[in-house]
Trainee: 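Handing you this structure, nothing more for now.
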Amino acid sequence: MSVSQPASYSRAQIILHWVIALIVFFQLIFGESIAEYGHVLREGTTPDSGLVIMANAHIWSGVAILVLMLARIALRLSHGAPAPISGPKLQVMVAKAIHGLFYLLLIAAPLTGLAAWYLKIRPAGEVHEWMKPVFIVLIALHIVGALWHKFVLKDATMQRMVSSSA
Ligand code: HEM
Ligand code: HEM
């Protein structure tokens, strides 16, 4: 995917990584509110205002993720990404696969959410719900990987997602 091999992530790439990660945590923790809002609307009862606010926050946060991801992909295509810090082939491959899946999910989650909510495409909603456990497993592996790099391998992997020299 990268056109060049810079020495580090740019400041913009680092900020995008952490802002998107934060919004994803919000979506995973509070995502059930929009599901509940959907049920309430289908039953024809009146939702309380807190639920309406949380459901709308889910939609706008999801749209924000989509827009930020498009910027992130554009940056990755123009700036590139640093080469993985050398390690066993399998470790590098697993990290690459997890990052690739994140990119895919972070585009697919908002699109399936929008299709389920506005176009009433039920299978899109089912796929969307399935993304929750997939995200949780990938994030857990990703965090364990980051901690492994920091505390066991003691290499610069974590540092380069914290500060930039580019
Ligand atoms: C990356 C962005 C997003 C993430 C991580 C995310 C995550 C989630 C989660 C965790 C749930 C709860 C699933 C459950 O109850 O088991 C959910 C439900 C839902 N989300 Fe999202 N969401 C995102 C974007 C969006 C967007 C942009 C929309 C647009 C309207 C949306 C619409 C929905 C709907 C309609 C449900 C209820 C699904 C159902 O009951 O069938 N989501 N989402
Ligand atoms: C506490 C949580 C997190 C930590 C400690 C963390 C740490 C890191 C680190 C250290 C890297 C750099 C890896 C390298 O340079 O080889 C990285 C890359 C990445 N992270 Fe995270 N991350 C976290 C949460 C997340 C979340 C929630 C997502 C997505 C939902 C995510 C998606 C990514 C992606 C896609 C990359 C690859 C970036 C690229 O090369 O373009 N991260 N993360």
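Numbering of ligands and ligand atoms starts at 1, following listing order. No experiment lies behind these values; they were computed from the predicted model shown.
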Trainee: Decide yes or no for P82 and R160: does some side-chain heavy atom of the first lie under 4.5 Å from some side-chain heavy atom of the second?
Mentor: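 Sidechains of R160 and P82: in contact.
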Trainee: Is there any N or O on W18 that sits under 3.5 Å from an N or O of ligand 2?
Mentor: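 W18 vs ligand 2: no N/O contact under 3.5 Å.
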Trainee: Considering non-hydrogen atoms only, spot the tightest contact between L105 and L138 and give its length.
Mentor: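 Residues L105 and L138, closest heavy atoms: CD1-CD1, 3.6 Å.
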Trainee: If we only count N/O pairs under 3.5 Å, is R72 in contact with ligand 2?
Mentor: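 In fact, backbone or side chain, R72 has no N or O that close.
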Trainee: Do you know which two heavy atoms are closest between S8 and H79, and how far apart they sit?
Mentor: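 Residues S8 and H79, closest heavy atoms: O-NE2, 3.2 Å.
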Trainee: Should the proximity of I143 to ligand 2, defined as any heavy atom under 4.0 Å, be assigned to the side chain, the backbone, both, or neither?
Mentor: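 The part of I143 near ligand 2 is the side chain, not the backbone.
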Trainee: Against ligand 2, does Q13 come closer than 4.0 Å with any heavy atom?
Mentor: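 It does not; every heavy atom stays at 4.0 Å or beyond.
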Trainee: Identify, with sequence neighbours excluded, every residue that meets salt bridge (Lys or Arg N to Asp or Glu O under 4.0 Å) alongside E36.
Mentor: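 E36 satisfies salt bridge (Lys or Arg N to Asp or Glu O under 4.0 Å) with no residue once adjacent residues are dropped.
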Trainee: Among all protein heavy atoms, pick out the one at the shortest distance from atom 15 (O) of ligand 2; state its residue, atom name and that distance to 0.1 Å.
Mentor: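 Checked against all protein heavy atoms, atom 15 (O) of ligand 2 sits closest to R160 NE, 2.9 Å.
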Trainee: Any side-chain heavy atom of K150 sitting closer than 4.5 Å to one from Q159?
Mentor: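 No. Closest side-chain heavy atoms not under 4.5 Å.
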Trainee: Hydrophobic cluster membership, with links at side-chain heavy-atom distances under 4.5 Å among I/L/V/M/F/W/Y: are V40 and Y118 in one?
Mentor: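 In one cluster: yes.
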Trainee: Is there a side-chain contact between I139 and F102 in this structure, where contact means two heavy atoms from C-beta onward sitting under 4.5 Å apart?
Mentor: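 They are in contact (side-chain heavy atoms under 4.5 Å apart), so the answer is yes.
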Trainee: List ligand 1 atoms under 4.0 Å from E32, heavy atoms only on the residue side.
Mentor: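 Taking each heavy atom of E32 in turn, ligand 1 has 12 (C), 15 (O) under 4.0 Å.
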Trainee: For atom 2 (C) of ligand 1, grab the closest protein heavy atom and report residue, atom and distance to one decimal in Å.
Mentor: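 Scanning the protein heavy atoms, the shortest distance from atom 2 (C) of ligand 1 goes to I65 CD1, 3.7 Å.
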Trainee: On a heavy-atom basis, which atom in G87 and which in V92 lie closest, and how many Å separate them?
Mentor: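 Residues G87 and V92, closest heavy atoms: O-CG2, 4.0 Å.
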Trainee: Is it the case that the side chain of H128 and the backbone of G113 share a donor-acceptor pair, with hydrogens and angles ignored and the cut-off at 3.5 Å?
Mentor: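 Checking the backbone N and O of G113 against the side chain of H128, a donor-acceptor pair under 3.5 Å is found.
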Trainee: Tell me: protein heavy atom nearest atom 40 (O) of ligand 2, and distance?
Mentor: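 Result: Y9 OH, 2.7 Å.
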Trainee: When you measure from atom 35 (C) of ligand 1 to every protein heavy atom, which one gives the shortest distance, and what is it?
Mentor: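 For this ligand atom, the closest protein heavy atom is W117 CE3, 3.3 Å.
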Trainee: Quick check: do L114 and V63 have side-chain heavy atoms less than 4.5 Å from each other?
Mentor: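 Yes, close enough: below the 4.5 Å cut-off.
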Trainee: Using every non-hydrogen atom in the two residues, find where M158 and A146 come nearest and quote the distance to one decimal.
Mentor: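 It is SD-CB, 3.9 Å.
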Trainee: Could an N or O of ligand 1 be found under 3.5 Å from any N or O of E129, whether backbone or side chain?
Mentor: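 Yes; the residue has a nitrogen or oxygen that sits under 3.5 Å from a nitrogen or oxygen of the ligand.
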Trainee: What do you reckon, does R122 put a non-hydrogen atom under 4.0 Å from ligand 1?
Mentor: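 Yes.
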Trainee: With a cut-off of 4.0 Å, which atoms of ligand 2 are near a heavy atom of M158?
Mentor: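 Counting atoms of ligand 2 from 1, those under 4.0 Å from M158 are 5 (C), 10 (C).
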Trainee: I need the atoms of ligand 2 closer than 4.0 Å to a non-hydrogen atom of Y103, numbered in the order shown.
Mentor: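 Those of ligand 2 that fall under 4.0 Å from Y103 are 35 (C), 39 (C), 41 (O).
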Trainee: With a cut-off of 4.0 Å, which atoms of ligand 1 are near a heavy atom of K132?
Mentor: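 Near K132, the atoms of ligand 1 are 10 (C).
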Trainee: Table please: side-chain donor-acceptor pairs of residues 12-30 below 3.5 Å, with sequence neighbours left out.
Mentor:
residue: Q13; atom: OE1; partner: S10; partner atom: N; Å: 2.9
residue: Q13; atom: OE1; partner: S10; partner atom: OG; Å: 3.4
residue: Q13; atom: NE2; partner: G80; partner atom: O; Å: 3.0
residue: W18; atom: NE1; partner: M161; partner atom: O; Å: 2.7
residue: Q27; atom: OE1; partner: H58; partner atom: ND1; Å: 3.4
residue: Q27; atom: NE2; partner: H58; partner atom: O; Å: 3.0

Trainee: Strictly under 6.0 Å, is that where the ring centroids of Y37 and W117 end up?
Mentor: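 Yes.
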Trainee: Protein N, O or S atoms less than 2.8 Å from atom 21 (Fe) of ligand 1, ignoring waters?
Mentor: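 Near atom 21 (Fe) of ligand 1, below 2.8 Å, one finds H58 NE2, H128 NE2.
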Trainee: Could you check if a side-chain atom of M54 sits within less than 4.5 angstrom of a side-chain atom of E32, using non-hydrogen atoms only?
Mentor: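 Side-chain contact under 4.5 Å: no.
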Trainee: How many protein atoms of type N/O/S are positioned less than 2.8 Å from atom 21 (Fe) of ligand 2?
Mentor: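 The number of such protein atoms is 2.
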Trainee: Using heavy atoms and a 4.0 Å limit, tell me yes or no: is L114 in contact with ligand 1?
Mentor: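 Right, L114 reaches ligand 1.
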Trainee: Shortest non-hydrogen contact from I107 to P110?
Mentor: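 I107 and P110 have their closest heavy atoms at O-CD, 3.3 Å.
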Trainee: Quick check: closest heavy atoms across P84 and K96, and the distance to 0.1 Å?
Mentor: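 Closest pair (atom of P84, atom of K96, distance): CG-CE, 4.3 Å.
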Trainee: Got Q91 and L153 here, is their nearest side-chain heavy-atom distance under 4.5 Å?
Mentor: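 The answer is yes, as the side chains (C-beta and beyond) meet within the 4.5 Å cut-off.
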